[in-house]
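Everything quoted here is computed from the prediction, not taken from an experiment.
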Amino acid sequence: MTAHKRISFQVVRDEVKRRIESRIWPQGSLLPTETQLAEEFNCARATVNRALRELAEQGFVERKRKSGTRVKKEPSKHAKLEFSLTRQAVENQNSTYRYALVERSIVPSPGWLASQLSVSPQARVLHVICMHYADNRPFQLEERWINIETVPEVEHADLNAHGPHEWLLNAAPFTEAEIAFCAVSADGRLAEFMGTTAGTSMIQLERTTWKDGEPMAFARMTHHPGYCIRTKY
């Protein structure tokens with residue numbers, strides 16, 4: 001049995017994409033099977049599968065069970081958003097990062113959260129409020145509710161030095177996420193946290209996450225006035 005070389009899915013993905021863009025595989029054409037591609041690239045079939053999944057997500061191919069993978073007749077472009085840790089975002093702008101845990105408590109899930117996460121109204125959740133600073137100026141207010149049933153170890157996690165997002169990525173990374181952006185006007189509480197005046201417009205990001213299909217957390221992150229989100233495709 002011949003051992004597979006350690007070829008990454010990125011190598012397969014980029015080569016398949018190159019062939020599509022150079023019309024080696026024109027629009028509407030059927031790609032070789034995963035098994036055939038795995039033999040060509042001398043890699044595992046799972047590697048090919050992941051490469052094709054990404055190309056499908058990017059709009060280059062469409063995959064149908066029992067029908068194989070075809071090049072899309074009208075390839076679409078998908079904007080790509082990269083979400084880095086708040087610490088990294090601050091440091092990437094050459095500012096000094098500081099984190100502060102404001103409040104931490106274990107509470108029964110509020111009704112709206114139970115509906116958002118599809119959990120019992122009496123489900124125990126860890127509620128965390130924390131601040132992120134750039135050069136000692138408010139950068140982001142983070143409010144997060146974590147389902148203890150899905151992530152039981154978070155109940156006793158030390159969140160004094162690192163934020164809950166950073167802790168979760170290291171200890172219990174999510175597998176699915178739903179993200180929403182909205183513009184909000186600061187109320188008195190939010191204005192006080194962010195060092196601005198009531199009525200100021202801000203960008204707020206809401207993110208719901210799941211781990212292997214189980215509801216994991218809901219986070220609401222409000223950024224400082226003037227914060228800009230960029231994407232590319």
Side-chain angles (χ1 to χ4, degrees), residues 50 81-93 95-184 186-196 202-224 227 229:
R50 183 171 179 185
L81 280 172
E82 295 181 355
F83 293 99
S84 59
L85 291 171
T86 307
R87 177 194 303 276
Q88 294 173 340
V90 170
E91 293 176 347
N92 286 344
Q93 65 180 29
S95 297
T96 300
Y97 172 78
R98 183 169 69 84
Y99 159 80
L101 177 63
V102 178
E103 182 181 316
R104 170 184 178 145
S105 59
I106 294 176
V107 298
S109 175
W112 66 267
L113 181 64
S115 176
Q116 181 78 19
L117 292 180
S118 296
V119 298
S120 164
Q122 297 305 312
R124 297 170 68 242
V125 296
L126 176 66
H127 179 215
V128 179
I129 300 175
C130 51
M131 282 294 299
H132 303 269
Y133 296 89
D135 292 335
N136 278 327
R137 294 191 300 272
F139 182 83
Q140 180 195 95
L141 169 66
E142 176 182 355
E143 191 164 9
R144 191 178 294 264
W145 293 261
I146 304 170
N147 184 15
I148 293 176
E149 183 176 354
T150 302
V151 194
E153 57 269 38
V154 76
E155 184 172 357
H156 304 291
D158 182 3
L159 301 179
N160 290 292
H162 304 286
H165 183 204
E166 195 164 345
W167 184 91
L168 285 168
L169 286 179
N170 288 318
F174 62 83
T175 56
E176 302 168 69
E178 180 180 276
I179 300 168
F181 296 94
C182 55
V184 299
D187 57 15
R189 171 179 175 272
L190 185 54
E192 183 178 358
F193 272 119
M194 300 303 293
T196 186
M202 298 180 181
I203 290 179
Q204 192 172 84
L205 182 155
E206 293 185 344
R207 179 165 58 209
T208 307
T209 53
W210 293 263
K211 182 175 176 61
D212 299 324
E214 296 299 321
M216 183 175 180
F218 175 77
R220 182 177 291 133
M221 291 154 283
T222 309
H223 296 82
H224 65 86
Y227 180 77
I229 296 175

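Residues that satisfy the ring-ring contact (aromatic ring centres under 6.0 Å, His included) test with His224, not counting sequence neighbours, are Phe139, Tyr227. Looking at residues two or more places apart in sequence or on another chain, you find a salt bridge (charged side-chain N to carboxylate O under 4.0 Å, His left out) between Glu206 and Arg220.
Here the closest non-hydrogen pair linking Pro215 and Ser118 is CG-O, 4.5 Å. Contact record, Thr175 with Gly213: OG1-N, 4.3 Å, taken as the closest heavy-atom pair. Annotation for Asp135 and Ser95: closest pair OD2-OG, 3.3 Å, computed over non-hydrogen atoms. Summarising the geometry of Val151 relative to Ala172, their closest heavy-atom pair is CG1-CB, 3.9 Å, with the distance given to 0.1 Å. Nearest heavy-atom pair across Asn147 and Arg124 is OD1-O, 3.9 Å. Closest approach of Ala177 to Thr209, counting heavy atoms only: CB-CG2, 4.0 Å.
The distance from atom CD1 of Ile148 to atom CD of Glu153, rounded to the nearest 0.5 Å, is 10.5 Å. To the nearest 0.5 Å, the span separating CZ on Arg207 from CZ on Phe181 amounts to 9.0 Å. Once rounded to the nearest 0.5 Å, the distance linking OG1 of Thr150 with NZ of Lys211 reads 9.5 Å. Summarising the geometry, atom OG1 belonging to Thr86 is positioned 7.5 Å from atom NE2 belonging to His165; distances are rounded to the nearest 0.5 Å. Rounded to the nearest 0.5 angstrom, Arg137 CZ and Met194 CE are separated by 11.5 Å.
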Run the side-chain donor-acceptor check on residues 127-134: report pairs under 3.5 Å with partners two or more places apart or on a different chain.
| unit_1 | atom_1 | unit_2 | atom_2 | d |
| --- | --- | --- | --- | --- |
| His127 | NE2 | Glu143 | OE2 | 2.8 |
| His132 | ND1 | Tyr97 | OH | 2.7 |
| His132 | NE2 | Glu142 | OE1 | 2.7 |

Problem set entry | Verdict with reasoning, Phe193 to Val102, per side chain to side chain contact (heavy atoms under 4.5 Å, CB included) | CA-CA 10 Å; Phe193 272 119; Val102 178; 4.0 Å; yes

Exercise. Would Leu169 and Phe174 satisfy side chain to side chain contact (heavy atoms under 4.5 Å, CB included), going step by step from the backbone distance to the final call?
Worked result: CA-CA 7 Å; Leu169 286 179; Phe174 62 83; 4.3 Å; yes

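Side chain of Ser105 to backbone of Val107: no donor-acceptor contact under 3.5 angstrom is found. At least one donor-acceptor pair closer than 3.5 Å links the side chain of Ser109 to the backbone N or O of Ala114.
More than 12 non-hydrogen atoms from other residues, nucleotides or ligands lie less than 6.0 angstrom from CD of Gln93.
Pro164 has its side chain within reach of Ile146: a pair of non-hydrogen atoms, C-beta onward, lies under 4.5 Å apart. The closest side-chain heavy-atom distance from Leu126 to Glu155 is not below 4.5 Å. Glu149 has its side chain out of reach of Glu214: every pair of non-hydrogen atoms, C-beta onward, lies at least 4.5 Å apart. The closest side-chain heavy-atom distance from Leu168 to Arg144 is below 4.5 Å. Here the side chains of Leu159 and Arg104 are in contact, with some heavy-atom distance below 4.5 Å.
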